[in-house]
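Presented below is the structure to which this report refers.
Remember, it's 1-based here, ligands and their atoms both numbered in the order they're listed. The figures here come from the full heavy-atom set of this structure, side chains too, leaving out hydrogens, waters and symmetry mates. Being a predicted model, the structure only gives us computed values, none of them experimental.
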Amino acid sequence: MTITTPVRTRFAPSPTGYLHLGGARTALFSWAFARHHNGTFVLRVEDTDIERSTPEAVQAIIDGMNWLGMQADEGPFYQMQRIERYREIIAKMLEEGTAYYCYSSAEEVDAMRERARMLGMKPRYDGTWRPAPGKTLGAPPEGRSPVVRFKCPQEGATSWDDLVKGRISFDNGELDDLIIARADGTPTYNFCVVVDDWDMQITHVIRGDDHVNNTPRQITILQALGATIPEYGHVPMILGPDGEKLSKRHGAVSIMDYDAQGYLPEAMVNYLARLGWSHGDSELFTREQFVEWFDTRNLSKSASQWDPKKLNWVNAHYIKQSDNATLAQLVAPRVAQSGADPEATDLEAVMGLLKDRSETLNDLAEGALLFCSPFVPAPAELQAEVLTDEARAVLQSFAQHAEALDEWTTESLAQAIRDTLAANGIKMPKLGIPLRVAATGRKQTPAIDAVLAILGREKVLRRLNEL
Ligand code: GLU
């Protein structure tokens, strides 16, 4: 695609809740498109639904964007702070005749719609107050405040080449004369979007395909204003694993819940990017590669499906790739949250031991408890089962080998284990299981030599000697 003007994209959430996965994904596409073209990514808060919009929701959306690392270059701009500007454009359109006052009451409009329906036509406003050459309008009913309607062209069609879906066309005859200002003067949703996209010089609108039906309305108004029409790309929705529209029923839908559950932002970006976009058969890529490769031509026309298993696989990959110090830093607060002391061990070494087998930071934190929580000896039953006289003798033998070590490392402990096995003529399980139970209180742990190395000489020998 050759793009000559500077690219400007926008994310335009309605702040009525958290940043949900669908919103995060379309934001990510708009962000990547802007970055790919060295353009500008604008954040616009569509807060005109004052009943449902809250400052907390705005913050939650910004937090989510920051967490994913897709900061806006401009904004946040708030629609509620732009009301004067919308009014100004409405006045201009009334003056120019591209909009008109409509005095029909809501009941009258309902009746018009009903009549159209009965005639087998699309329910619409019948144009009673729409000015036309040679037409005389009635006298405005006393005391009724009018709405303002856009005088939508009735002939021809409104079409665009959707960046995702290809050519889309609507007959103008099907489009109603949209209300752009309510009787109390407040501008309506589609109108605010139009003025904003115009004023903010948005060149590419990438958004959910629930907005396809709004697009011809927005284009016709932009045309009436003499504005440049942006390119539109409508991204299909995300379905849950069961094929239904993704919702709370499928688990967390707020992006920040994934932070709480121990997903890394880079994994989330990678996973979300692949939901409806692809680059050959690449599944794992960096943020930089994503930006470099991003092209709307590779956005999928069909809905994508949320796959928690794949997300875990992607997250596990990023965990494995992270260095131990970074992981320790991210995991420490999670360990503390579960009441243990992250300082009680060499957390970096613990990360090194656990990161190949963990899918989330929370898995890592849970695994780290073995090293950070106060020692809880194995339950009596397990002790009775595993710590037989024979096993205790083997453990004593191991303790002697271990005590003699100059250096207490995974390698030296592995050697001490091998020496103990040889000296007693036994195989690993005869030592491994009792050693785990005695030193950690558990039957299952990661590699025992590494576990003992991290626990340290003092703790391990004390636990063995106290048997
Ligand atoms: N505020 C709209 C929404 O949250 C988005 C509008 C747009 O992208 O044009 O669905």
### Summary
among protein heavy atoms, the one nearest atom 6 (C) of ligand 1 is Tyr189 OH, 2.9 Å
### Query
Are the ring centres of His204 and Phe33 closer than 6.0 Å?
yes
### Query
Could you state the interatomic distance from CZ (Arg357) to CG (Leu353), rounded to the nearest 0.5 Å?
7.0 Å
#### Entry: Ring centers of Phe29, Phe294 separated by less than 6.0 Å
yes
### Query
What do the steps show when you test Tyr258 against Trp306 for ring-ring contact (aromatic ring centres under 6.0 Å, His included), and what is the final call?
CA-CA 14 Å; Tyr258 287 85; Trp306 189 259; 5.8 Å; yes
### Task
Kindly compute the distance separating CG (Asp49) from CD (Glu51), expressed to the nearest 0.5 Å.
7.0 Å
### Task
Give a yes/no verdict on whether any heavy atom in Phe11 is under 4.0 Å from an atom of ligand 1.
no
### Query
Quick one: are the ring centres of Trp277 and Phe285 less than 6.0 Å apart?
yes
#### Entry: Numbering as shown, the atoms of ligand 1 that approach His211 to under 4.0 Å (heavy-atom distance)
2 (C), 3 (C), 5 (C), 6 (C), 10 (O)
### Message
If the cut-off is 4.0 Å to any non-hydrogen atom of Glu46, which atoms of ligand 1 fall inside it?
### Response
1 (N), 2 (C), 5 (C), 6 (C)
### Query
Atoms of ligand 1 less than 4.0 Å from Arg10 heavy atoms?
7 (C), 8 (O), 9 (O)
### For Arg207, the ligand 1 atoms whose distance to one of its heavy atoms is below 4.0 Å
7 (C), 8 (O), 9 (O)
### Task
Could you say whether the N/O atoms of Ala12 and ligand 1 ever approach to under 3.5 Å?
yes
